[in-house]
Amino acid sequence: MRFSTCGRTFGPNLGSRRFIQRGILLMLVLGAIAGCSSLPPNLASAGRLQIERVDSNNAIIGQVHVGAVADGVRVSGSLRKTFLRRGRIPGHLHIEMHAADGTVLETRVTGYHRRFAKSGRAYFAQTLAVRPDDVRTVRLVHHGLGDRHG
């Protein structure tokens, strides 16, 4: 059955605001579940390891996610500019994995990218071939312009 109100034609339930609101809510909930289920569990929030951040004059290391994947440990996160000028964040990022006794298990130099040209935030993701059970500390060091490598 169709009816018309103020020149608009609606189906049996499509005119109901509740129907539309429930549909939008359902899509949001399903999107959140699908987005969160694609990430491996964060080992840092589970208390299995520590994350050390060493910022530079050019960037501040933001959120970091460390998860166990099939071929090792995946480290991903973001950097934020410390200056207001346009352009990319200069430098690179060192990722170090340390064992419980302090020995370095793996070291990797990684770059990062901005998703939008005018963004002040950059993102990185790197997979290191290390057993997740061996890692106790993940150390992230940003080297910007004028920083000494060490």
Side-chain angles (χ1 to χ4, degrees), residues 11-150:
N13 288 327
L14 296 180
S16 169
R17 282 190 178 172
R18 282 190 187 153
F19 181 79
I20 294 170
Q21 289 173 346
R22 286 180 184 162
I24 291 172
L25 182 63
L26 178 65
M27 288 189 319
L28 289 173
V29 168
L30 290 175
I33 291 171
C36 293
S37 66
S38 64
L39 291 173
N42 194 352
L43 299 175
S45 64
R48 294 190 44 200
L49 55 86
Q50 278 186 298
I51 297 177
E52 293 180 11
R53 297 171 180 87
V54 179
D55 302 327
S56 71
N57 292 333
N58 303 111
I60 296 170
I61 301 169
Q63 294 180 340
V64 177
H65 183 274
V66 181
V69 292
D71 51 347
V73 175
R74 183 160 182 84
V75 180
S76 60
S78 64
L79 298 164
R80 180 174 52 86
K81 288 183 186 181
T82 59
F83 53 93
L84 298 175
R85 294 187 323 254
R86 285 185 179 209
R88 64 180 201 85
I89 301 171
H92 58 273
L93 188 68
H94 283 212
I95 301 174
E96 299 174 356
M97 300 275 185
H98 296 265
D101 61 356
T103 59
V104 177
L105 299 171
E106 181 87 24
T107 301
R108 189 73 53 97
V109 177
T110 186
Y112 37 84
H113 67 281
R114 294 179 298 157
R115 292 185 182 155
F116 306 104
K118 295 182 181 180
S119 176
R121 190 171 299 274
Y123 300 90
F124 63 91
Q126 186 72 47
T127 302
L128 292 96
V130 177
R131 285 189 37 220
D133 296 334
D134 296 342
V135 179
R136 291 295 172 254
T137 306
V138 176
R139 187 168 193 250
L140 302 159
V141 181
H142 183 263
H143 293 284
L145 288 178
D147 290 345
R148 297 180 66 206
H149 298 303

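Quick note: numbers below take in every heavy atom, side chains included, and nothing from hydrogens, waters or symmetry partners.
- For the atom pair CZ (Arg53) and CD (Gln63), the distance works out to 8.5 Å, reported to the nearest 0.5 Å.
- Listed here is the closest heavy atom pair of Ile51 and Val66: CD1-CG2, 3.9 Å.
- Among all heavy-atom pairs drawn from Arg88 and Gly91, the shortest one is NH1-N, 4.3 Å.
- Between Ile89 and Gly120, the shortest heavy-atom contact is CD1-O, 4.1 Å.
- Partners of Arg131 under the side chain to side chain contact (heavy atoms under 4.5 Å, CB included) rule, at least two apart in sequence or in another chain, are Asp133, Asp134.
- The two residues Pro132 and Val73 come nearest to each other via the heavy atoms CA-CG2, 3.8 Å.
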Using the side chain to side chain contact (heavy atoms under 4.5 Å, CB included) rule, take Arg139 and Val54 through it: C-alpha gap first, then chi angles, then the decisive distance, then the call.
-> CA-CA 8 Å; Arg139 187 168 193 250; Val54 179; 3.7 Å; yes
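- Distance OG/Ser76 to CD1/Ile95: 9.0 Å, rounded to 0.5 Å.
- Residues forming a ring pair (Phe, Tyr, Trp, His ring centres under 6.0 Å) with Tyr112 (at least two apart in sequence, or on another chain): His142.
- Expressed to the nearest 0.5 Å, how far CG of Leu105 lies from CZ of Arg136 amounts to 10.0 Å.
- Atom NE2 in His143 sits 8.5 Å away from atom CG in Leu93 (nearest 0.5 Å).
- Atom CG of Asn58 and atom CZ of Arg80 lie 13.0 Å apart (nearest 0.5 Å).
- Cation-pi check for Arg115 over Tyr123 is met; the charged atom lies under 6.0 angstrom from the ring centroid and within 45 degrees of its normal.
- Inter-residue side-chain proximity for Met97 and Val104 is flagged as unmet; no heavy-atom pair is nearer than 4.5 Å.
- Residues meeting the side chain to side chain contact (heavy atoms under 4.5 Å, CB included) test with Arg108, sequence neighbours left out: Glu106, Gln126, Leu128.
- Counting heavy atoms from C-beta on, the side chains of Thr137 and Glu52 come closer than 4.5 Å.
- Here His94 contributes atom NE2 and Leu140 contributes atom CG; the two are 11.5 Å apart, rounded to the nearest 0.5 Å.
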Derivation of the side chain to side chain contact (heavy atoms under 4.5 Å, CB included) call for Val138 and Leu49 | CA-CA 7 Å; Val138 176; Leu49 55 86; 4.0 Å; yes
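- By the 4.5 Å heavy-atom criterion applied to side chains, Asn57 and Thr82 are not counted as neighbours.
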